[in-house]
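Structure record follows, encoded as structure tokens.
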Amino acid sequence: MNSVRNLLILLLSINSYTQLLAQKIDVSSPVKLSSRVDKVKIVGKNQDGYVIRLSGDEENFQVYGNDMRLVFAKKLDLRNGDGFVQHIQLYKTGGVVYFLRPEGRATLLMAQVLNGSFQNAGAPIPVDTFPDNTEITQANLRVKQSANQAYTVFYAPVFSGKIVSSMQTVCIDKNINRVYKRFPAVEKPEKEMEFAKCFVDTNGTTLLVFNDGVNVMKVSVWGKNESASKTFSVPFAKKIFSDPYIELDNKNNQLLFAGFYDNEVGMSEAAAYGFFYKTYDYTLGTLTNQSLTAFPDSFIQSLTGRLPSQNNNRLYTFSIKKVIQRMDGGVLIAAESSIKDRREEPIVSLSSINPYTSYRTINTFQYNDIIAFSINASGNLEWNSIMRKKQYSEEDNGFNSSFVCVNLKEQLRFIFPEDISFSSDIDEFALRSTGEFKKHTLFEQEDKDVFLVPKLGKQVAPNEVLIPSIKKGELRILRVKY
């Protein structure tokens with residue numbers, strides 16, 4: 001009987017390990033990057049293929065097939081003066097590009113429909129007019145799309161001197177029809193509005209969230225029915241450390257706030273002492289859940305290797321990088337440690353007449369451990385995990401550091417380079433919903449002739465992630481398929 005049981009355990013272990021390694025890795029052929037390209041962005045996937053945007057002095061699209069071969073590359077056809085692409089939405093085939101057009105002292109937001117070959121399909125469609133010139137509008141205009149991609153909201157501040165008097169917002173549907181245009185009142189100094197964010201739910205309701213004093217945010221809510229507009233305040237018991245996570249939970253009609261909090265006040269060094277969690281029913285403007293949880297002593301000891309104390313109960317270098325909404329209304333928070341520093345390197349003169357030593361400053365970048373917290377719908381901590389990694393680079397702004405996260409529902413995959421070099425392994429943490437995780441190597445970069453940029457990676461399907469590689473002026477697109 002014991003031998004049968006041991007055999008079953010062995011088979012289950014083999015099956016679990018096989019599932020862990022069950023991925024297919026493909027990479028495109030290299031494409032020389034033009035000196036006019038300064039940004040690479042993975043747009044997504046549709047029936048045309050995998051769509052990549054190359055931007056800079058001009059806008060170009062690359063479309064790759066399922067075999068990761070380049071199907072075609074197409075320059076976006078805009079008239080003279082047009083530019084500043086704001087948003088790209090893919091359709092089943094083709095898509096629409098939103099861009100800015102100068103109109104005297106004002107600026108038009110235009111929409112250009114593209115066919116499956118990414119050629120212009122008809123004339124551009126005016127979406128809205130903004131009172132400022134193109135450069136100012138480009139600097140201030142933001143966009144947010146609903147989770148089901150049925151609605152898109154463009155928003156920009158309206159200034160009265162140095163005061164933001166209101167927020168100009170326009171909501172359009174996927175067929176580029178205007179749903180509504182609103183100017184919710186703000187009346188805040190420009191500096192206080194740098195954090196302001198808009199959200200739009202799957203029914204077309206828009207929310208504007210912005211700071212409203214010390215440890216308080218204000219939420220304005222409006223939709224197709226103007227009479228249903230409302231505002232409510234969101235107070236926080238503690239000062240927020242780093243950027244918080246704010247997002248809509250469409251399933252539960254909730255506005256969700258999560259992040260780290262700081263116990264200190266005044267001018268002391270900012271630090272995270274724990275995490276907060278709040279949810280509001282934004283249709284009513286009422287609080288539904290909230291919690292404030294200090295980092296557990298066991299977690300601090302495991303992370304730092306030291307016993308918790310009054311001076312060892314906080315984190316300084318971690319910031320939230322990914323938040324996954326749980327089906328029950330809770331969240332999983334993943335944060336990463338990053339440190340930008342500098343060191344002085346001596347330079348010794350070889351002159352025999354007047355030898356001397358000078359110094360040059362070298363900027364260093366470290367991206368280290370990933371920590372994860374799973375919080376249930378009541379705001380209680382269910383588990384935490386610490387995934388160890390260490391990445392170090394110099395004078396590159398951490399371009400090839402950090403990770404890309406893939407949400408496979410039953411587990412999360414964190415893909416990252418072991419170190420920052422052409423010969424580095426590409427590793428992966430597989431984090432289960434129980435908090436257990438395993439680490440293994442996917443491949444060596446030299447074997448694929450790539451130098452990945454994980455921060456530019458994007459999940460484009462439930463089981464696919466694309467990660468760009470930029471090496472010696474050449475672009476490749478790597479796909480990991482689970």
Side-chain angles (χ1 to χ4, degrees), residues 195 211 213-217 234-246 257-278 290-323 330-345 361-376 378-394 397-398 401-403 414 416 419-420 429 431 435-437 439:
F195 170 79
N211 288 323
V214 179
N215 298 341
V216 179
M217 293 183 188
V234 179
F236 294 89
K238 301 281 187 178
K239 184 169 63 175
I240 296 174
F241 174 80
S242 188
D243 292 331
Y245 171 82
I246 307 173
F257 299 81
F260 296 143
Y261 70 82
D262 191 340
N263 263 346
E264 299 297 329
V265 295
M267 301 301 292
S268 58
E269 185 178 4
Y273 286 75
F275 55 85
F276 67 88
Y277 172 85
K278 294 172 78 85
Q290 66 174 336
S291 66
L292 204 67
T293 306
F295 293 131
D297 287 349
S298 57
F299 164 77
I300 291 292
Q301 184 170 358
S302 296
L303 182 65
T304 65
R306 303 190 304 274
L307 290 173
S309 66
Q310 188 174 355
N311 295 320
N312 183 39
N313 62 349
R314 69 204 77 170
L315 305 178
Y316 295 95
T317 64
F318 283 86
S319 59
I320 294 174
K321 293 298 179 70
K322 189 74 175 178
V323 176
V331 292
L332 184 144
I333 300 174
E336 182 183 37
S337 172
S338 59
I339 304 169
K340 180 181 178 181
D341 207 349
R342 60 182 59 186
R343 63 181 178 84
E344 302 295 324
E345 183 174 89
T361 300
I362 297 177
N363 294 307
T364 64
F365 301 87
Q366 297 179 58
Y367 286 76
N368 298 328
D369 301 338
I370 302 170
I371 56 178
F373 303 90
S374 186
I375 305 167
N376 66 22
S378 299
N380 298 318
L381 176 66
E382 291 194 341
W383 53 259
N384 60 71
S385 295
I386 302 170
M387 293 167 277
R388 302 283 186 182
K389 69 178 181 67
K390 188 172 184 179
Q391 299 166 323
Y392 176 88
S393 61
E394 298 179 352
N397 205 31
S401 299
S402 195
F403 63 86
F414 298 87
F416 62 96
D419 57 71
I420 310 306
F429 287 116
L431 176 65
E436 299 173 314
F437 66 89
K439 177 185 176 183

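Quantities reported herein were computed from a predicted structural model and do not represent experimental measurements.
No side-chain N or O of Ser338 forms a donor-acceptor pair with one of Gln366 less than 3.5 Å apart. Looking only at atom types and distance, the side chain of Asn263 has a donor-acceptor partner in the side chain of Lys238 under 3.5 Å away.
The ring of Phe414 has its center closer than 6.0 angstrom to the ring center of Phe403.
In this structure, Lys278 satisfies the cation-pi test against Phe236, with its NZ or CZ atom closer than 6.0 Å to the six-membered ring centre and inside 45 degrees of the ring normal.
In this structure, the separation between OG1 on Thr304 and CG on Leu315 is 8.5 Å, given to the nearest 0.5 Å. Rounding to the nearest 0.5 Å places CG of Asn311 at 9.5 Å from CZ of Arg306. To the nearest 0.5 angstrom, Asn313 atom CG is 7.0 Å from Ile300 atom CD1. Once rounded to the nearest 0.5 Å, the distance linking CD1 of Ile420 with CD of Glu394 reads 12.0 Å. Atom CD1 of residue Ile371 and atom CE of residue Met387 lie 9.0 Å apart, to the nearest 0.5 angstrom. Here the CD-CD1 distance, from Glu336 to Ile370, works out to 5.5 Å after rounding to the nearest 0.5 Å.
Inter-residue side-chain proximity for Leu307 and Gln301 is flagged as met; some heavy-atom pair is nearer than 4.5 Å. Within the 4.5 Å cutoff, the side chain of Thr364 has no heavy atoms near those of the Lys340 side chain. Side chains of Phe429 and Phe437 form a contact here, defined as non-hydrogen atoms less than 4.5 Å apart. Residues Thr361 and Glu345 have side chains not in contact (no heavy-atom distance under 4.5 Å, counting atoms from C-beta outward). Put simply, the side chain of Leu381 does not reach to within 4.5 Å of the side chain of Ser374, judged on heavy atoms. The shortest distance between side-chain heavy atoms of Ser401 and Ser393 falls below 4.5 Å. A 4.5 Å side-chain heavy-atom check between Lys321 and Ser402 finds at least one atom pair inside the cut-off. Within the 4.5 Å cutoff, the side chain of Phe257 has no heavy atoms near those of the Tyr245 side chain.
Of the possible donor and acceptor atoms, none in the side chain of Asn211 sits under 3.5 Å from a partner among the backbone N and O of Gly213. In this structure, Ser242 contributes its side chain and Ser319 its backbone to no donor-acceptor pair below 3.5 Å. For Asp243 (side chain) and Ile320 (main-chain N/O), no donor-acceptor pair under 3.5 Å exists by modelled atom type. Listed for the Asp262 side chain is no donor-acceptor partner under 3.5 Å among the backbone atoms of Ala272.
The side chain to side chain donor-acceptor pair (under 3.5 Å) search around Tyr273 returns Glu264, Arg314, not counting sequence neighbours.
Among residue pairs with one or both ends in residues 363-375, those qualifying as salt bridge (charged side-chain N to carboxylate O under 4.0 Å, His left out) are Asp369-Arg388; sequence neighbours excluded.
When each of Phe295, Trp383, Tyr277 is paired with Phe373, the ring pair (Phe, Tyr, Trp, His ring centres under 6.0 Å) condition holds for Phe295 and for no other.
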Residues Ile375, Asn380; criterion side chain to side chain contact (heavy atoms under 4.5 Å, CB included); working and verdict: CA-CA 5 Å; Ile375 305 167; Asn380 298 318; 5.9 Å; no
